[in-house]
There are 2 protein chains.
Amino acid sequence: MDLKLQLLGLFSAEQDDLNRILSKFQKQTLVKNQFYTQVGKPCQTFSYIESGYFRVFCHTESREVTQWIAGKGYFITDLASFIFNQPNRWSIQALTDATIYTVQQSDYQLFEQEIPSWSIMEKRFMAKCFMQMESRIFKFISTSAEERYQEYFENNKDVFQQVPLQYIASVLGMSAETLSRIRAKVNS
Amino acid sequence: MDLKLQLLGLFSAEQDDLNRILSKFQKQTLVKNQFYTQVGKPCQTFSYIESGYFRVFCHTESREVTQWIAGKGYFITDLASFIFNQPNRWSIQALTDATIYTVQQSDYQLFEQEIPSWSIMEKRFMAKCFMQMESRIFKFISTSAEERYQEYFENNKDVFQQVPLQYIASVLGMSAETLSRIRAKVNS
DNA sequence: AAATGCGCTTGACAAAAATCAAGAATTTTC
DNA sequence: GAAAATTCTTGATTTTTGTCAAGCGCATTT
């Protein structure tokens, strides 16, 4: 599985440490439409996506908003819940059958004590996530719907094969109709 | 100064540790329009804003985009540079005369080794920042320019006294004219 | 006090995007 | 493989937002 490689990339760990970490991740499968976690509930797991796609979403008064789509190589959890034990802010649902590797919060917390460099690598991982969010916000501020689509399409061709366009539209901050029209225009 | 309180909020530290950390922050003043750091350069400092306002911005081909405005109580740095030693992604400029408390990267890195709980608190701090970015993105996806204005105005009345509206407009992802019209409408 | 610069507002117009509604295409279910 | 359900597309229209341009208000300078 690729979790090992992924962790190695984040984390120049000793083999021993790496194996100790890996041993706490349990393989798990979800079927299409199954929820990984739901708004308001606790999320006491942290998972690596080995295969399949998930969407991160919640409801506003008027509609459902998909905030992110995650595929192979991404980690999923609800940070508010996993780190701060607050209620989930997001629901996370499988959009396809999926295989993930999951670690329990209780095991995860032990890493901090048992593995000296864990917290440092975790901080670096969080910092990267933060920087990606900065970039994403910058794109919302500074680019049009069409530019956002083009960029996302270039970097996520696989998603378009597997995930309904309406969810992609939401992630890009536009209506499904607008996405459809942009695609028609770009493909002409 | 309030840095102590701020750190205490983030970090349930021993008095000793807290004092050791505080001792590495040096008071510094900047005049209006002075740069804290600039795109492409390194940023090897991390600072707490004691007073004054800063904007975080960069240039696109066509225009300058202000991504964030930070006032008292915020920390500023360029993470890409400060954590990963990459070139700055942002310029940070004082919008008013300002007083900050600054720690050098070299001192900051020692905290990791000298203060056992530092990395954990740092991780939690980063996680909070990440969650705030998630919320901000959610607002871009799910609300109109007017709603974004209303929310920002309610929570940042002070900023409107001190910072040119054009920069606030950019942070909110709208043109200065649109912000002006929304304000005219809301005040009527 | 006139001149300058800067930021803000306003109007007119254009462009982008949302909404509503209908129908086509695709996928799922039985 | 037919029916049902879901997803996608397209057209017509409205709303929202951006752009361009002019002018105002205000502070600063000279």
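What's counted below: heavy atoms across the whole structure, side chains too, no hydrogens, waters or symmetry copies. Throughout, a chain's letter reflects where its sequence line sits, starting with A, and its residues are numbered from 1.
Between the CZ atom of B:Arg183 and the P atom of C:dG7 there is a distance of 15 Å, given to the nearest Å. Protein atom CG of A:Asn33 is 10 Å distant from nucleotide atom P of D:dT6, rounded to whole Å. Look at CZ on A:Arg148: it is 13 Å from P on C:dA16, rounded to the nearest Å. Atom CG in B:Leu165 sits about 14 Å away from atom C1' in D:dC26, given to the nearest Å. The CD atom of A:Glu146 sits 11 Å away from the C1' atom of C:dA16 (whole-angstrom rounding).
The side chain of B:Pro164 lies closest to C:dG7 when the candidates are D:dC8, C:dG7, C:dA18. Side-chain atoms of A:Gln166 lie closest to D:dC8 of the nucleotides C:dT9, C:dT10, D:dC8.
OP1 or OP2 of C:dA18 sits under 4.0 Å from a side-chain N or O of A:Thr178.
A salt bridge is absent between B:Glu151 and B:Arg148; no separation between the charged side-chain nitrogens and carboxylate oxygens falls under 4.0 Å. We find that B:Lys123 and A:Glu112 are joined by a salt bridge, their nearest charged nitrogen and carboxylate oxygen being less than 4.0 Å apart.
Contact annotation for A:Ala176: no contact, since no heavy-atom pair falls under 4.0 Å across all strands.
Between B:Phe111 and B:Val103 there is a side-chain heavy-atom pair separated by less than 4.5 Å.
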Report all interatomic pairs (protein N or O, nucleotide N or O of nucleotides 21-29 of chain C) with separations under 3.5 Å.
residue: C:dT28; atom: OP1; partner: A:Lys32; partner atom: NZ; Å: 3.0

